[in-house]
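Order of the sequence lines fixes the chain letters, A, B, ..., with proteins taken first and strands second; residue numbering starts at 1 for each chain.
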Amino acid sequence: MLDIRLIRDNPDKIKAELAKVSFPPQEVDRLLAADERRRKLQHELDELRARRTRESRELGRMEPAERESRRAQMRALGEQIAEGERELTRAEAEFNRLMLLVPNLPRPWVPAGEGESANSVVRREGEPKQFDFTPLPHWELGEKLGIIDFERGVKLAGSRFYFLVGMGARLERALIAMMLDLKREQGYLELAPPLMVNTETVTGTAHLPKFADTMYRDIEEDYWFVPTAEVPLTNFYAREILDSARLPIYLTAYTPCFRREKMSAGRDVRGIKRGHQFDKVEMVKLVHPETSDAELESLVENACEVCRRLGLAFRVIRMGTGDLGFAAAAKYDVEVWAPGCAEWLEVSSCSNCWDFQARRAQIRFRNEKTGRNEFVHTLNGSGLGLPRTLIAVLENYQQADGSVAIPQALRPYLSGLESISIASR
RNA sequence: GGAGAGGUGGCCGAGUGGUCGAAGGCACCAGAUUGCUAAUCUGGCGUACUGGCAACGGUACCGAGGGUUCGAAUCCCUCCCUCUCCGCCA
């Protein structure tokens, strides 16, 4: 959520900024009209209530005889106030509805452009591995080794579900453990959060109200399955005021994530690249606004380090305004090279949400300098997404004989095991 | 799921219809004072919206939402949460 005062004070500037992320200017006008109406009603109501308090007190001190006559007019005032409250409630609901649909403003340095047009590679590290045989895609490798079972996933749940079997499951578990240990080294506090959260929580990170159809939910109990651990991690301190000495706060969690993937129906249906359920290690930072830009850079670096330890070639993409999404003010993706399916796989997406989520979730800190409570800045990034990392490991470490070598960094988590072959599963 | 108890400011804890945004204590901040870590005294000390250049005002918030009333932290209803006991269960 943006600061309404910012919009109120510089409507034209904000309209221009929002146009960069395809938000129509007339929506800003609607919002301002709703704001004005709400404030006018609020003010009128305040005056009526002040009058009631004052006169009710007088009434209490009156002689009984005198009271009765005043009661009637006080009752009328009460009705007027009740009507005013109903009207204000409606006006506020409309205002809030509109506010929650306004996307975040991009940082000034984010290149402007439609869609992916303004995205650019800002860094590469490691060379895509060369093979003296034709590397297989992971779906073939996985089936040959018997470590990914697509058919039974489909049998039990449907399209986009699969089992990891034996060494496949162990390899993923090793990756998770390795990532979490690295996150701890990098200063993150590990949490094991709820995987189902309420509407308020999902609204806090801005997955609601706009993206309701991308998530699974239990309507009866008002539970939403988390689409990413960003939701519970960012909301950990929702509606709290933090001591500034505690900032920055780094949180991490391994969780399954649940997504409907309606938008990508028919895309990436092969393999384990995109499922309705996947595992991810997530990083979230709550930081002082002054350090926010620098914290995004180090967040990306924290994600890159996972790739580096796994010996995977990767590149970092800076997203242009057209690809920022709803909540991000700036965003980088990290992609690793997968030689089997011959593509760069997005294994991490690192966003700085500025005060956008903090305002929704009301995460504040006491600013010693100003003596005021201000919103923290929130950042989040994958560190990393498991299926795609698993794809990259399998495809990059495959050998001519059909086995897959275990990256050095994972061996301590697999009793020193050096490779996966059909025999070892 | 059943029975009971309870949810008040950072914490503890008063408050059962009016002058209560809420006593008191602790913690915290500022100042004063006493030569030792510390004690004492004085003052300050919630959040948000809003009017005003400011001084200083107004309104809302005592788990949430409704209701009764001229007036609700206080009475009534519904819901949520916590605790205790019983039942059930991974």
Side-chain angles (χ1 to χ4, degrees), chain A residues 1-9 31-100 192-204 208 217-225 232 235-247 249 256 355-376:
Chain A
M1 204 155 60
L2 301 181
D3 184 351
I4 183 60
R5 279 170 291 205
L6 195 67
I7 305 175
R8 211 187 278 151
D9 296 345
L31 183 69
L32 287 169
D35 175 46
E36 200 170 315
R37 176 172 157 71
R38 154 194 154 250
R39 291 206 295 157
K40 180 167 163 283
L41 289 169
Q42 176 70 256
H43 185 69
E44 288 169 2
L45 189 60
D46 280 358
E47 303 219 310
L48 288 177
R49 288 207 269 225
R51 204 174 111 204
R52 177 174 68 182
T53 304
R54 208 180 328 113
E55 295 183 8
S56 273
R57 264 177 209 164
E58 289 168 14
L59 185 67
R61 284 191 293 263
M62 284 177 179
E63 298 299 319
E66 216 177 336
R67 257 185 215 172
E68 281 314 309
S69 61
R70 282 295 290 282
R71 260 205 192 129
Q73 35 177 303
M74 289 305 289
R75 219 187 322 262
L77 180 59
E79 249 322 298
Q80 209 184 336
I81 288 171
E83 177 52 33
E85 283 171 343
R86 283 189 288 271
E87 223 180 321
L88 178 63
T89 301
R90 281 195 298 271
E92 279 181 333
E94 174 65 1
F95 172 71
N96 289 333
R97 190 184 70 79
L98 294 171
M99 276 303 275
L100 290 174
L195 303 181
M196 298 159 85
V197 295
N198 60 30
T199 297
E200 185 178 23
T201 301
V202 188
T203 307
L208 283 179
R217 70 184 299 199
D218 176 347
I219 300 168
E220 236 176 288
E221 302 281 355
D222 183 32
Y223 289 143
W224 298 80
F225 286 52
N235 278 287
F236 190 62
Y237 290 108
R239 298 176 293 287
E240 294 187 33
I241 300 171
L242 304 164
D243 191 332
S244 66
R246 296 178 63 183
L247 301 178
I249 291 168
D355 60 3
F356 187 78
Q357 293 178 324
R359 182 170 286 108
R360 286 171 170 247
Q362 291 185 67
I363 311 163
R364 290 172 290 178
F365 74 103
R366 182 118 206 135
N367 189 329
E368 307 297 344
K369 271 190 216 162
T370 61
R372 305 176 68 90
N373 296 323
E374 297 173 13
F375 294 109
V376 300

Pairwise side-chain contact, [X] with [Y], heavy-atom cut-off 4.5 Å (strictly under):
X	Y	answer
A/I363	A/E240	no
A/E36	A/K40	no
A/R360	A/L100	yes
A/M74	A/E55	yes
A/M99	A/E94	no
A/T201	A/P232	no

[atom1] atoms of [N] and [M], separation to the nearest Å:
N	M	atom1	result
B/A23	B/U16	C1'	16 Å
B/A55	B/C45	P	14 Å
B/A38	B/A30	P	14 Å
B/C12	B/C62	C1'	16 Å
B/A22	B/A32	P	29 Å
B/C86	B/A27	P	40 Å
B/U37	B/G43	P	26 Å
B/C79	B/A72	P	24 Å

Next item on the list: Map A/R39 and A/R86 onto RNA chain B by nearest heavy atom, then report which one ends up closer to the 5' terminus.
Entry: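 Nearest nucleotide further toward 5': that of A/R39.
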Next item on the list: Assign each of A/A72 and A/R57 to its nearest nucleotide of RNA chain B by heavy atoms, then name whichever residue's nucleotide is nearer the 5' end.
Entry: A/R57
Measure the [atom1]-[atom2] distance between [X] and [Y] for me, rounded to the nearest 0.5 Å.
X	Y	atom1	atom2	result
A/R49	A/Q42	CZ	CD	6.5 Å
A/L88	A/E83	CG	CD	11.5 Å
A/L31	A/I4	CG	CD1	4.5 Å
A/F375	A/D355	CZ	CG	7.5 Å

To the nearest Å, give me how far apart [atom1] ([X]) and [atom2] ([N]) are.
X	N	atom1	atom2	answer
A/Y223	B/C80	OH	P	10 Å
A/K40	B/G51	NZ	P	14 Å
A/D222	B/C79	CG	P	16 Å
A/E85	B/G65	CD	P	12 Å
A/M1	B/A48	CE	C1'	12 Å
A/I241	B/G9	CD1	P	13 Å
A/N367	B/U47	CG	P	14 Å
A/I4	B/A48	CD1	P	17 Å

Margin query: If the cut-off is 4.0 Å, is A/R75 near the phosphate of B/C70, judged by side-chain N/O to OP1 or OP2?
Written below: yes
Note to self: So, OP1 or OP2 of B/G46: does either fall under 4.0 Å of a side-chain N or O from A/R366?
What the structure shows: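 So the side chain of A/R366 is outside the cut-off, no N or O lying under 4.0 Å from OP1 or OP2 of B/G46.
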Checklist line | Nucleotide pairing, RNA chain B (Watson-Crick or G-U, distances under 3.5 Å), in dot-bracket with [ ] and | | finding: ((((((((.[[[..)..(.....]]].(((((.(...).))))).((((((....)))))).[[[[[..)....]]]]])))))))....
Listing time: all N or O pairs from protein to nucleotides 71-77 of chain B that are below 3.5 Å?
| unit_1 | atom_1 | unit_2 | atom_2 | d |
| --- | --- | --- | --- | --- |
| B/G71 | O4' | A/S56 | OG | 3.2 |

Checklist line | Of the listed nucleotides B/U47, B/C49, B/U19, the one nearest the side chain of A/N373 | finding: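 Ranking B/U47, B/C49, B/U19 by closest atom to the A/N373 side chain puts B/U47 first.
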Next item on the list: Please check if the side chain of A/R359 supplies one atom and the backbone of A/M1 the other of a donor-acceptor pair under 3.5 Å.
Entry: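 Yes, because the side chain of A/R359 sits within donor-acceptor range (under 3.5 Å) of the backbone of A/M1.
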Protein N or O to nucleotides 56-59 of chain B N or O, pairs below 3.5 Å:
| unit_1 | atom_1 | unit_2 | atom_2 | d |
| --- | --- | --- | --- | --- |
| B/G58 | N2 | A/D46 | OD2 | 3.3 |
| B/U59 | O2' | A/D46 | OD1 | 2.9 |

Notebook entry, point to check: Would you call A/R38 and A/D35 a salt bridge, using N to O less than 4.0 angstrom?
Noted result: yes
Note to self: Less than 3.5 Å apart, any donor N or O on the side chain of A/N373 or A/R366 sitting next to an acceptor on the other?
What the structure shows: yes
Next item on the list: For A/R8, report the nucleic acid contact type (base, sugar-phosphate, nothing); a contact means any heavy atom under 4.0 Å.
Entry: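 A/R8: backbone/sugar contact only, no base atoms under 4.0 Å.
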